[in-house]
Amino acid sequence: MSAATVAHNAKRLPRAGVAKRLVARIGDGPAVIGGIGNANFDLWAAGHRARNFYMLGSMGLAIPIGLGVALAQPDRRVFVLEGDGSLLMQMGCLATVAARAPRNLAILILDNGTFQITGGQPTPAEQSGTDLVAVARACGLHRATWAADEAELDRLIDLCLIEDGPHAIGLKLDDSPPERQTERDPPQLRDRFMRGMGAKRDRTLG
Amino acid sequence: MQTETRPWHAIVLEVFKANGIRLIPYVPDNVLKPLIAACHADPFFTAFPTAREEEAVGIVCGAWMAGMRGLCLMQTSGFATLPNALASLPCAFQIPALVMVSERGTLGEFNMGQAMVCRTMRPILDSLGMEHHTVSRLDECEFIVDRTIRQAFMTQSPAALILSPLLTGGKAVARA
């Protein structure tokens, strides 16, 4: 087994720093989809961008949403922040992504080993030692890799911007809480995202 | 009105095209086979299978927000997996996610599981407040499918189209 597939090789990063690092490196162009709970809270706390979508329900669907965005706008990079518990609910979507092989899609798996938002209960994957990056590779996402530390995360994000995907980056996170919670106004979040994506061009009134 | 001579799936395919629906994620069904095959055969469409129906809903929601129209194909039992995804994504965010459901579990069903789950479909749609129409006649197929799709996009609301065995012939069954 190559070192890249070994989950415990990865250092546990402070969770809030991940979304901030991502947003700081990718600029304004790419779309970012934040999955349910802390994944989108982290994205919100990192500072709103016009091309952010914050998913407030539908646990497990951040990656499918990202796939839809990537298929609709193949020339734009699309990043998805998805938690380990969410991915466990919809693991089949990794095969769906691999089958479509969108060159512009990058998945960040935020793995803290717990259902953090409901009280930190360990996930079955944590209890069994399931390696989610190995799962992604076995599903056909051959570029999937764990980021060992912050420097490697930066390097991998840069690769996602210049090399064809689909990409998947596994991140081991600590259990620090999110800094803020997303404003829960789904139609407004959707409308802002659509305007950011150029899918709705009329100016807003007032 | 002229007598409709096209098969239901040819009508549906043309209505998809007329409404600019290009993205067709699906979990297959025997009854949908000719429609799925026709979508694959036409380069206008991007048609592909997903592992679960929820994924297909997520994909068409993401695509619509980025400017591409889509519709999910599935059968009754697959629809029954969707209430949370529909309630918290297209219903809450006002996204015109369209689902077309081949109706199993009625009018000659052999599978008890399908017959049971079929009873949940319309109550789920009603409780979600989702517009839904059942297509049972060839001469009404174009009108119902086209108008339901148009209204969904114009009102930014999800909607369901149910294909009755009266339209499609359903799945062939032997007498017990």
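If you're wondering where the values come from, they're calculated on a predicted model, not measured in any experiment. Sequence lines set the chain letters: A, B, ... in the order given, protein chains first and strands last, and positions in each chain run from 1.
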Could you measure the distance from the CG atom of A/Leu61 to the SG atom of B/Cys61? Nearest 0.5 Å is fine.
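Going from the CG atom of A/Leu61 to the SG atom of B/Cys61 covers 8.5 Å.
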
Which one wins on heavy-atom pair count under 4.5 Å against chain A: B/Ala63, B/Ala56, B/Ala51?
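Winner by heavy-atom pair count: B/Ala63.
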
When B/Met68, B/Gln94, B/Arg52, B/Arg69 are compared by non-hydrogen pairs under 4.5 Å with chain A, the top option
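Looking at each of B/Met68, B/Gln94, B/Arg52, B/Arg69 in turn, B/Gln94 comes out on top.
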
Interface moiety of B/Thr50 toward chain A, non-hydrogen atoms closer than 4.5 Å
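Contact with chain A: backbone and side chain both.
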
Any side-chain heavy-atom pair of [X] and [Y] under 4.5 Å:
X	Y	result
A/Ile65	B/Leu89	yes
B/Met65	A/Met197	no
B/Gln156	A/Arg190	yes

Which residues from residues 16-43 of chain A are near chain B, with near meaning under 4.5 Å between non-hydrogen atoms?
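Interface residues of residues 16-43 of chain A: none, nothing closer than 4.5 Å to chain B.
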
Heavy-atom cut-off 4.5 Å, strictly under: side chain, backbone, both or neither for A/Met91 against chain B?
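Contact with chain B: none, neither part.
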
Go through the atoms of A/Arg76 and report whether side chain, backbone, both or neither lie under 4.5 Å from a heavy atom of chain B.
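No part of it gets close to chain B.
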
Would you say the rings of B/Phe93 and A/Phe53 are close, in the sense that their centroids are separated by under 6.0 Å?
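Yes: the rings meet the under 6.0 Å criterion.
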
Neighbour count >12 (heavy atoms, 6.0 Å) for atom NE2, B/His40:
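Buried by this count: over 12 neighbours within 6.0 Å.
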
Within a 6.0 Å radius of atom CZ on B/Phe153, are there more than 12 heavy atoms belonging to other residues, nucleotides or ligands?
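More than 12 within 6.0 Å, yes.
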
Examine distances only and state if a side-chain atom of B/Glu55 and a backbone atom of A/Pro64 form a donor-acceptor pair shorter than 3.5 Å.
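Not at all, since once roles are kept as given, no pair shorter than 3.5 Å links the two residues.
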
